[in-house]
Number of protein chains: 2
Amino acid sequence: MRLSKLGEFGAIERIKGICRPAGRGVVVGIGDDAAVLKVPHGGMTLVSTDMLVEGVHFDLSYTPMGALGFKALTVNVSDIAAMGGRTRYYLTSIALSPDFKTEDLDSLYKGMEEAAGRFGSRMVGGDTCASTGPMVICVTVLGEPAGVKPVRRSGARPGDDIYVSGTLGESAGGLLLLKAGAGGGKQRDKGVDKSAARLMERHLMPVPRAELGAELGRAGLATSMIDISDGFSSDLMHILQTSGVGAEVEGARLPVSRGLEGVFGRKKAAALALHGGEDYELLFTAGRLKRKAIEGMGGCVRVGRVTEGGGAWLIGEDGRRVSITPKGYEHFRK
Amino acid sequence: MRLSKLGEFGAIERIKGICRPAGRGVVVGIGDDAAVLKVPHGGMTLVSTDMLVEGVHFDLSYTPMGALGFKALTVNVSDIAAMGGRTRYYLTSIALSPDFKTEDLDSLYKGMEEAAGRFGSRMVGGDTCASTGPMVICVTVLGEPAGVKPVRRSGARPGDDIYVSGTLGESAGGLLLLKAGAGGGKQRDKGVDKSAARLMERHLMPVPRAELGAELGRAGLATSMIDISDGFSSDLMHILQTSGVGAEVEGARLPVSRGLEGVFGRKKAAALALHGGEDYELLFTAGRLKRKAIEGMGGCVRVGRVTEGGGAWLIGEDGRRVSITPKGYEHFRK
């Protein structure tokens, strides 16, 4: 069936049927002029929003609807995690062609709800409308700090260590494979095929570091934090600029997976790790005295240190210093 | 200048320059992964979101950028008012062509900030990205109930009076004029020209009933409330369906302006008032004992009463009953 047959109100009913009923804290959920949420005593609300546009952020020729729904929510969950918070609620506004299939609508919202269930979020509202062009999804999430205060981008201090979670560049690698029409027969052997599949999955269904972000916030360990959406080089620069500091990053410490190296070779893999976007790993700084605590949490790699200023430098194994230039994605630029 | 030259981060800096600095209650505003908002002790948060798509919700051939920005926020302020609440914060996500002019970007956000200043809202975040097709604006607003609890759609009880604020159908009339290429020489005399201009303005820059909605919420006068965005017939039906009641509306009481009648004639004006959307007036119900209090507030017209059930009826001056069929706008329908 097409949306033109179902109509807007039919589509809303269908979406309501897919989403879990609103839980704890939701006074009014989907279906009124606004959602009404109970807020803990004297608390703080975190709110973030991200818009995904077909042809800019995603390509439906290789993106399954369920993965798209999953990603539309997780990129926002990642923003809340990067504040040291937990996601509680979400709203989804969407513009769709009247020819959009209702089965695809189901898959899209099921993907969102899969992410919502996994990362503790409930749908409380949104907007559903027609589009004359590309499909557009705008998700807004609300959450709360896991600790006494949120972790900002601006708190990095000279002498702090710099950490990243997980491995870098895989999402960008996966995107290159997807654009080249991978899944097909270009790879040389089964091991590479498996690695390629993993890279593509990281691009299509990124898993935000929800638990780690909340734990860093709860324990008050990070002095600054951001999620890697634009790319390590760009997102590091966001922290350095807002904090008014510089950085030295040890190139050999940047976590690159064997899979990425296997598919792209060492040099290209290193460039993808440095500049590739959409890994949704966390990039954060912490005082040197917290090293043990952070190592104890597992999954984080120390990649460098914050300096007084003087820009961002990549230190090679031979000691050579190369200036880090942000090469992440920037909208509108040609 | 075009956005392609300014770039995403340049655009964000420009927007930050236009928006007033975040005020009371904003711990972290624009420029981090999420905004952080202080919430009053044990309070409730209202949140609503609306997406506007070029070619569906607005036509740039007759919509000034400043008006579009103003409207993008006010349609959301109207949703919060319809819950008996006050708007506090907003986030704007926007997809624009790289060829979009920076002067238009300025006008758009100045229009938003004009509405924000007027209705007590501060920008705390958003997303700015490229579009491959139509311009898309998605505004999310956060607010709080003005009274002890929000006013829902579902609280109408048999015997309640039905009220609307202001006059109906003017926005739909204005849209017809704009689509017909008005502002031109079709009108017969100056009085009609002035009326036509008023109708077009109501469509382009709707003024939400922010104060009235908050006052009804604060005083606990309304049993149910909605804002008229789809059209009186459709929005009344939303209240009746969620409340499980029926209604009798006196046709002669539906507030129609002389201007609308002057431009379109009595019959067409009455149809526009009944079904036309986007007036952003409030439609609400209240117990009969509240009549004096509501009359004392001014600006509201009693148009009918809630019945046990049996659908919605329009009562003519001759006593004839005609079933009210929702004919408001529905997305995806052809």
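Quick caveat, the model's predicted, so the values are computed rather than measured. Protein chains get the first letters and strands the later ones, always in sequence-line order, with residue 1 at the start of each.
Here the side chain of A/D33 pairs no donor or acceptor atom with the backbone of B/M83 at under 3.5 angstrom. Proximity of a side-chain donor or acceptor of B/T132 to a complementary backbone N or O of A/G55 within less than 3.5 Å is not detected. No donor-acceptor pair closer than 3.5 Å links the side chain of B/E8 to the backbone N or O of A/R333.
Interface remark: A/I94 contributes backbone atoms only to the contact with chain B (heavy atom separation under 4.5 Å). When heavy atoms are compared at a cutoff of 4.5 Å, A/L37 approaches chain B by way of both its backbone and its side chain. Contact of A/P134 with chain B is made through backbone and side chain together, with heavy-atom distances under 4.5 Å. In this structure, chain B has no heavy atom under 4.5 Å from any part of A/A81. With a threshold of 4.5 angstrom between heavy atoms, A/T45 approaches chain B through its backbone and through its side chain. For A/T128, the parts sitting under 4.5 Å from any heavy atom of chain B are the backbone and the side chain alike. Within the 4.5 angstrom heavy-atom criterion, no atom of A/K149 approaches chain B.
Residues A/F332 and B/P98 come closest through the heavy atom pair O-CB, 3.7 Å.
Once rounded to the nearest 0.5 Å, the distance linking CZ of A/F9 with OG of B/S234 reads 6.0 Å. One distance of note links NE2 of A/H331 with OG of B/S4; it measures 14.5 Å at 0.5 Å rounding. Separation of atoms NE2 (A/H57) and CG (B/D127) is listed at 6.0 Å; rounding is to 0.5 Å.
Comparing A/G133, A/C138, A/G143 by how many heavy-atom pairs each has under 4.5 Å with chain B, the most go to A/C138. Ranked by heavy-atom pairs shorter than 4.5 Å toward chain B, the options A/P145, A/S97, A/G125, A/C129 are led by A/C129. With chain A as partner, the option from B/S154, B/S78, B/A11, B/G126 having the largest number of non-hydrogen pairs under 4.5 angstrom is B/G126. Interface check for chain B: of the options A/L96, A/V151, A/T242, A/I80, the most heavy-atom pairs under 4.5 Å are formed by A/L96. Comparing B/D32, B/L46, B/L52 by heavy-atom pairs within less than 4.5 Å of chain A, the highest count is held by B/D32. Interface remark: of the candidates A/R152, A/K5, A/E330, A/E330 forms the most heavy-atom pairs closer than 4.5 Å to chain B. Options A/A82, A/S93, A/S48 differ in how many heavy-atom pairs under 4.5 Å they form with chain B, and the most are formed by A/S93. Ranked by heavy-atom pairs under 4.5 Å with chain B, the list A/V53, A/L3, A/V27, A/L142 is led by A/L3.
Within residues 222-230 of chain A, the residues having any heavy atom under 4.5 Å from a heavy atom of chain B are, by residue number, A/M225, A/I226, A/D227, A/D230.
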